[in-house]
Amino acid sequence: MSDESGQFKPWNNGGLYLAGVEVENSAQKPENWTKWTLPGFRYFVVETTTYEMNKTYSDMWNYLTQNDLKIVGAVQEHQSISAENPEELELWFPIERI
């Protein structure tokens, strides 16, 4: 995910939802694709499911606020194609830009 400017900042009133795959920096993109390079972040990673995603976001905002942590970029979602349950995913909350 990214903010509207494509700079991977936190969302405000909206943002961009990007689908992608991790590749080496030197990888060439296929024709008509866009190559995004995410900046380095330290993340707080939470396992959840698509059914529990909204609750997980709410719980994380509360946790981060209570622990004086702030989101410094757009939350990233990771779904593994090898997961036994296709509804399982990880939410990566960026808490420090490195």
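Note: hydrogens, waters and symmetry copies are ignored here, and every other heavy atom, side chains too, is used.
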request  = Applying side chain to side chain contact (heavy atoms under 4.5 Å, CB included), run through Lys29 and Thr34 and close with a yes or a no.
outcome  = CA-CA 7 Å; Lys29 68 177 184 65; Thr34 301; 5.5 Å; no
ask   = Which heavy atom of Arg97 sits nearest a heavy atom of Pro39, and at what distance?
value = NH2-CB, 3.1 Å
message = Could you tell me if the side chain of Ile98 sits less than 4.5 Å from the side chain of Glu96, heavy atoms only?
response = yes
message = My understanding is that only residues two or more places apart in sequence, or in another chain, count here; which of them pass salt bridge (charged side-chain N to carboxylate O under 4.0 Å, His left out) with Lys55?
response = Asp59
ask   = Should we count CD of Gln79 as having more than 12 external heavy atoms under 6.0 Å?
value = yes
key: N/O donor-acceptor pair under 3.5 Å between Gln76 side chain and Ala74 backbone   = yes
task = Treating Ile, Leu, Val, Met, Phe, Trp and Tyr as nodes and any side-chain heavy-atom pair under 4.5 angstrom as an edge, say whether Val45 and Phe41 lie in one connected cluster.
result = yes
request  = Carefully, step by step, assess Glu31 and Trp33 under the rule side-chain hydrogen bond (donor to acceptor under 3.5 Å, both in side chains).
outcome  = CA-CA 6 Å; Glu31 188 175 338; Trp33 285 35; over 6 Å; no
key: Min side-chain heavy-atom separation Val75-Trp92 under 4.5 Å   = no
Atom pairs and distances, side-chain donor-acceptor, residues 62-73, under 3.5 Å, sequence neighbours left out:
from  : atom 1 : to    : atom 2 : distance (Å)
Asn62 : ND2    : Ser58 : O      : 3.3
Thr65 : OG1    : Trp61 : O      : 2.8
Asn67 : ND2    : Tyr63 : O      : 2.8

key: Step-by-step side chain to side chain contact (heavy atoms under 4.5 Å, CB included) determination, Thr56 to Leu91   = CA-CA 9 Å; Thr56 301; Leu91 296 175; 3.9 Å; yes
key: Flag side-chain contact, heavy atom, 4.5 Å: Glu77 against Met53   = yes
